[in-house]
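This report refers to the structure that appears directly beneath it.
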There are 2 protein chains.
Amino acid sequence: MSSTPGAIPARTPEATPARLRVIPSRLLAGVAAVADRLVGDRLAAEGAHKWHFAVLVALDEAGAASQAELSRRTGIYRSDMVAVLNQLSDAGCIRRDPDPADRRRNVITLTSAGRRRLERLDTLITDAQRELLAPLTPEQQEQLTDLLGILTDHHRPQHPGRADGE
Amino acid sequence: MSSTPGAIPARTPEATPARLRVIPSRLLAGVAAVADRLVGDRLAAEGAHKWHFAVLVALDEAGAASQAELSRRTGIYRSDMVAVLNQLSDAGCIRRDPDPADRRRNVITLTSAGRRRLERLDTLITDAQRELLAPLTPEQQEQLTDLLGILTDHHRPQHPGRADGE
DNA sequence: GACGAACGTTAGCCACACCAACGTTCCTGT
DNA sequence: ACAGGAACGTTGGTGTGGCTAACGTTCGTC
């Protein structure tokens with residue numbers, strides 16, 4: 001009975017407890033949510049979603065691919081990929097043709113409209129990152145990205161069979 | 001028609017495009033998901049959730065409080081707080097008494113069982129953080145926490161009415 | 001004494017990650 | 001040659017988490 005039961009002691013309006021403000025997983029969740037909102041809002045203003053951007057980048061960088069491969073490259077589930085590609089296709093950003101070499105697959109190809117779209121979305125994303133990282137110095141921004149990169153590499157999606165040098 | 005349409009060129013099995021691996025918001029989302037799974041799994045093994053931990057910490061650190069205030073301290077919505085407190089109450093971790101000074105409120109008090117529970121959960125959370133940050137040096141771990149702290153502070157929950165120096 | 005605001009509570013919505021199943025097509029072993 | 005298993009694209013469904021809406025109660029204030 002260290003505190004008087006029945007009366008709320010402190011009047012400190014509201015402040016996140018110090019012990020919570022120091023837990024990395026919690027900080028990560030919070031900042032990730034902010035980042036997601038920042039990115040999501042800008043993309044939504046153009047009728048886009050982050051998935052669209054991810055797919056467009058994957059196509060632009062590694063060239064045409066099957067849906068399954070895009071799935072693996074972007075981390076988007078095959079199931080969800082269908083809808084994303086439908087929308088991108090409707091917008092004329094990609095073409096989806098049956099693969100003559102493997103009739104199970106579709107070959108997804110980036111169109112020039114898609115490349116233009118990508119450029120636009122890239123700007124928005126970059127802006128969002130800038131706003132997100134605004135309170136950090138350029139060195140800190142790089143530090144953060146590096147650290148997150150290390151963690152991302154270490155905690156692989158899954159390691160269903162050691163894939164690389166191990 | 002720079003690429004042969006109808007054939008998938010590279011055979012590179014799957015690799016996240018470099019441009020995606022460098023976008024902070026994306027890295028954050030990924031690492032936050034890993035962290036959440038790490039923490040969530042351990043807590044689930046004891047029938048707990050991260051919310052329980054947050055509430056217990058808030059109570060332990062700042063003393064008894066109303067549900068609304070706990071809401072503000074932890075970031076958990078008032079609506080969801082109800083269920084969390086029900087569970088904590090069922091487990092005997094807290095007491096929920098009407099506040100004699102304000103009959104709208106309940107005074108939430110941490111019991112000794114709750115304090116014991118908190119200690120246990122704290123161990124689990126700490127373990128999870130350790131596993132999460134394993135690939136980083138102690139200095140890097142501190143750096144990361146600091147950087148995330150800065151971002152958390154800057155991007156306030158909301159600022160619905162200029163709260164601070166403005 | 002009336003009105004607006006805060007409280008606790010219930011119910012529900014929506015976005016997102018994930019899983020299950022199916023028909024098609026391919027690859028492999030025998 | 002052919003049977004079995006695996007990968008592909010697709011549809012539909014599940015579960016969880018953040019958030020909103022509304023309501024009755026109680027407080028503070030004018």
Side-chain angles (χ1 to χ4, degrees), chain A residues 8 11 13-14 25-26 28-37 39-41 43-44 48-52 54-55 65-89 94 96-108 157-158 160-161, chain B residues 8 11 13-14 25-26 29-30 32-37 39-41 43-44 48-52 54-55 65-89 94 96-108 157-158 160-161:
Chain A
I8 296 183
R11 227 350 100 205
E14 67 251 10
S25 66
R26 226 187 123 84
L28 277 167
V31 177
V34 171
D36 223 55
R37 204 174 51 75
V39 170
D41 284 355
L43 291 182
H49 268 277
K50 58 181 161 155
W51 308 316
H52 300 145
V55 168
S66 72
Q67 304 190 185
E69 192 172 343
L70 280 178
S71 232
R72 274 171 248 131
R73 298 215 275 237
T74 59
I76 303 169
Y77 258 66
R78 300 198 303 286
S79 332
D80 306 324
M81 182 63 72
V82 179
V84 175
L85 292 181
N86 283 341
Q87 292 157 7
L88 286 175
S89 175
I94 60 161
R96 170 157 47 182
D97 310 300
D99 187 342
D102 183 342
R103 309 217 319 267
R104 290 172 301 179
R105 305 194 232 206
N106 293 334
V107 181
I108 310 299
Q158 295 97 315
Chain B
I8 296 184
R11 222 0 90 212
E14 68 251 8
S25 66
R26 224 186 125 85
V34 170
D36 224 54
R37 206 173 50 77
V39 170
D41 284 355
L43 291 182
H49 268 277
K50 58 180 160 156
W51 307 317
H52 300 145
V55 168
S66 72
Q67 304 189 185
E69 194 173 340
L70 280 178
S71 232
R72 274 170 249 131
R73 298 215 276 237
T74 60
I76 302 170
Y77 260 66
R78 301 198 302 285
S79 332
D80 306 324
M81 183 63 72
V82 179
V84 175
L85 292 182
N86 283 342
Q87 293 158 7
L88 285 175
S89 176
I94 59 159
R96 169 156 48 180
D97 311 299
D99 187 342
D102 184 341
R103 303 210 331 259
R104 291 173 300 180
R105 305 194 233 205
N106 294 334
V107 182
I108 310 299
Q158 299 96 314

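What you see is a predicted model; the values in this text were computed from it and never measured. In the text below, chain A, chain B and the rest are named by the order of the sequence lines, each starting its count at 1.
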Name the pairs: protein N/O against N/O of nucleotides 22-28 of chain D, kept only if under 3.5 Å.
| from | atom 1 | to | atom 2 | distance (Å) |
| --- | --- | --- | --- | --- |
| D:dC27 | OP1 | B:R103 | N | 3.0 |

Atom pairs under 3.5 Å: protein N/O with N/O of nucleotides 15-20 of chain D:
| from | atom 1 | to | atom 2 | distance (Å) |
| --- | --- | --- | --- | --- |
| D:dC19 | N4 | B:D80 | OD1 | 3.2 |
| D:dT20 | OP2 | B:Y77 | OH | 2.7 |
| D:dT20 | O4 | B:S79 | OG | 2.8 |

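Distance check: B:S66 OG to B:R96 CZ gives 12.0 Å after rounding to the nearest 0.5 Å.
Rounded to whole Å, atom C1' of D:dG9 lies 10 Å from atom CG of A:L85. Atom CG of B:N106 is separated from atom P of C:dC7 by 12 Å (rounded to the nearest Å). A straight line from CG of A:D41 to C1' of C:dA15 spans 14 Å, rounded to a whole angstrom. For B:R96 and C:dC7, the CZ to P distance is 15 Å, given to the nearest whole Å. Between B:M81 atom CE and C:dT10 atom P there is a gap of 15 Å when expressed in whole angstrom units.
Looking only at side-chain heavy atoms (C-beta outward), A:R78 and A:L70 stay at 4.5 Å or farther from each other.
Listed for the B:N106 side chain is no donor-acceptor partner under 3.5 Å among the backbone atoms of B:I108. Judged by distance alone, with hydrogens and angles left aside, the side-chain atoms of A:S71 form a donor-acceptor pair with the main-chain N or O of A:I76 at under 3.5 Å.
In terms of phosphate contacts, A:R105 brings no side-chain nitrogen or oxygen within less than 4.0 Å of OP1 or OP2 of D:dT10. Residue A:Q67 places at least one side-chain N or O closer than 4.0 Å to OP1 or OP2 of D:dT10. The phosphate of C:dT9 has neither OP1 nor OP2 within less than 4.0 Å of any side-chain N or O from B:N86.
By the salt bridge (Lys or Arg N to Asp or Glu O under 4.0 Å) test, B:D102 is found to be paired with B:R104, B:R105, residues two or more places apart in sequence or in another chain being considered. Checked against side-chain contact (heavy atoms from CB on, under 4.5 Å), B:D41 has the following partners two or more places apart in sequence or in another chain: B:R37. When the side chain to side chain donor-acceptor pair (under 3.5 Å) test is applied to A:S25, the partners found at least two apart in sequence or on another chain are B:Q129. Take B:Q87 and apply the side chain to side chain donor-acceptor pair (under 3.5 Å) test, not counting sequence neighbours, and it matches B:H52.
Pairing each heavy atom of A:A32 with each of B:A32, the nearest pair is CB-CB, 3.8 Å.
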